[in-house]
Amino acid sequence: MADEAKTKEKGSCLGKLGLLFVFCGLGGLAAAVAFIVQPQDLSDVSGSGPAAVGRPARDLKAVLKASLDQGYELPLTEDEINRYLRDTLMKQQTGPLADKVKIREVMVRLEEGRAEVVIVREIAGYPFTVSMYVRVHQEVRPDGSEATQIFRNGGPYHESLPRPAVGGRFGRLPVPEGFLLLTMDAFAKLAAVYRTPDAGTYSKTPEKELDFIEEMARIRIEEGKLVLSPTAPGSALPPIR
């Protein structure tokens, strides 16, 4: 009888422990959903929102081409990049939910060492944000050539935890890089607006904004600013695919 009582007590404890894990999991899921449905705070992003209305944007395509042609360094501020996106981007949602989902705005937040591309959608009258981080790493090889790597992440969540890397944010929730697969199509279509279609050749004549940026030798992302330095012919940066 004593052994039977101990067995029942042990089973009861395991059941309670299992139930506790279930409740913790459901609580964590509910918290994650709550952060996802809350749009991130964009009040710190320059060149967006009501304050930017009525302010004309500089022709970034023209100044990018001039920088390459004349060989001078070109700093672009977060403010003028976002005003240019506002004036040139066709904000049109496509797909089966096009009648219920609208793209309200696209903007870029520039931080030290990384950029965050944010898409603001309106779903049933409520704003919803999704974002992707981008980092550029450049180094000079021993032979003097330049190696460039473009990462679709914002670096590790914490210095002591190199993996996983934070890929972006769904609402206010930072998500690992792998979660970007759910939204990569939207960002790819956004990039395609500012890049000349690949005609299947190894070289193409730069015509659009990202083409010109990919021709730059140096790209620095600083707080509130993107700094571009012209490149020597034939050493273009690899595009984000």
Side-chain angles (χ1 to χ4, degrees), residues 24-25 27-48 76-78 81-82 85 89 103 105-121 127-141 145-195 209-210 213-214 216-229 235-241:
C24 288
L29 179 61
V33 171
F35 277 107
I36 288 173
V37 299
Q38 293 181 60
Q40 62 167 285
D41 182 7
L42 300 171
S43 60
D44 63 314
V45 180
S46 301
S48 65
L76 299 175
T77 66
E78 182 180 277
I81 291 172
N82 286 323
L85 288 173
L89 185 63
I103 295 181
E105 198 170 6
V106 176
M107 63 190 73
V108 176
R109 177 187 283 113
L110 298 176
E111 302 173 335
E112 190 64 38
R114 69 183 186 182
E116 184 180 12
V117 184
V118 185
I119 299 176
V120 185
R121 290 188 175 93
F128 177 81
T129 60
V130 61
S131 71
M132 177 182 73
Y133 286 112
V134 177
R135 291 184 299 123
V136 179
H137 176 72
Q138 296 179 296
E139 60 182 15
V140 179
R141 298 189 182 99
S145 62
E146 296 160 354
T148 300
Q149 291 180 289
I150 299 179
F151 299 96
R152 291 192 292 263
N153 65 62
Y157 280 88
H158 192 273
E159 294 179 358
S160 61
L161 298 172
R163 289 288 184 272
V166 56
R169 286 189 273 186
F170 291 174
R172 298 191 179 189
L173 181 69
V175 297
E177 184 178 4
F179 279 66
L180 292 180
L181 291 174
L182 300 173
T183 59
M184 190 53 63
D185 184 61
F187 288 104
K189 289 178 179 177
L190 174 62
V193 175
Y194 296 101
R195 178 180 288 119
E209 295 83 352
L210 285 179
I213 291 176
E214 289 163 5
M216 297 290 178
R218 292 285 185 271
I219 298 178
R220 297 198 317 272
I221 303 175
E222 301 177 358
E223 187 69 34
K225 184 167 58 175
L226 176 67
V227 183
L228 306 168
S229 297
S235 58
L237 293 176
I240 301 175
R241 296 300 187 187

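- For the residue pair Val120 and Met107, the shortest heavy atom distance occurs at CG2-CE, 4.1 Å.
- Counting heavy atoms from C-beta on, the side chains of Met184 and Met132 come closer than 4.5 Å.
- The minimum heavy-atom distance linking Ser131 with Val118 is given by the pair CB-CG2, 3.9 Å.
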Chi angles and distances behind the side-chain contact (heavy atoms from CB on, under 4.5 Å) call for Leu180, Asn153: CA-CA 9 Å; Leu180 292 180; Asn153 65 62; 6.0 Å; no
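- Checking side-chain atoms of Glu116 against main-chain N and O of Arg109 turns up no donor-acceptor pair under 3.5 Å.
- When every heavy atom of Ser48 is checked against every heavy atom of Leu42, the shortest pair comes out as OG-O, 4.3 Å.
- Scanning all heavy atoms of the two residues, the minimum distance from Tyr157 to Val175 falls at OH-C, 2.9 Å.
- In this structure, CG on Asp44 lies 8.0 Å from CD on Glu111, to the nearest 0.5 angstrom.
- Contact detail for Ala186 and Arg121: the closest heavy-atom pair is CB-NH2, 3.4 Å.
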Test side-chain contact (heavy atoms from CB on, under 4.5 Å) applied to Glu222 and Val227, step by step: CA-CA 8 Å; Glu222 301 177 358; Val227 183; 4.0 Å; yes
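- Atom-to-atom distance recorded for Glu223:CD and Arg114:CZ is 10.0 Å, nearest 0.5 angstrom.
- Phe151 has its side chain within reach of Gln149: a pair of non-hydrogen atoms, C-beta onward, lies under 4.5 Å apart.
- Residue Leu182 comes nearest to Phe170 through the heavy atom pair CD1-CE1, 4.1 Å, listed as atom of the first residue, atom of the second, then distance.
- Contact check for Tyr194 versus Ile213: no side-chain heavy atoms found under the 4.5 Å cut-off.
- Each of Thr129, Val130, Thr183 was evaluated against Ile119; a single residue qualifies, Val130, per the side chain to side chain contact (heavy atoms under 4.5 Å, CB included) test.
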From CA spacing to verdict: side-chain contact (heavy atoms from CB on, under 4.5 Å), Val45, Glu105: CA-CA 12 Å; Val45 180; Glu105 198 170 6; over 6 Å; no
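- Phe179 CZ: 12 or fewer foreign heavy atoms inside a 6.0 Å radius.
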side-chain contact (heavy atoms from CB on, under 4.5 Å) between Ile81 and Leu110, worked out: CA-CA 10 Å; Ile81 291 172; Leu110 298 176; 4.1 Å; yes
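- In this structure, the side chain of Glu78 engages the main chain of Ser46 through a donor-acceptor pair within 3.5 Å.
- Atoms CD1 and CD, from Ile150 and Gln138 in turn, are 8.5 Å apart once rounded to the nearest 0.5 Å.
- If you take CD1 on Ile221 and CD on Glu112, they are separated by 9.5 Å, rounding to the nearest 0.5 Å.
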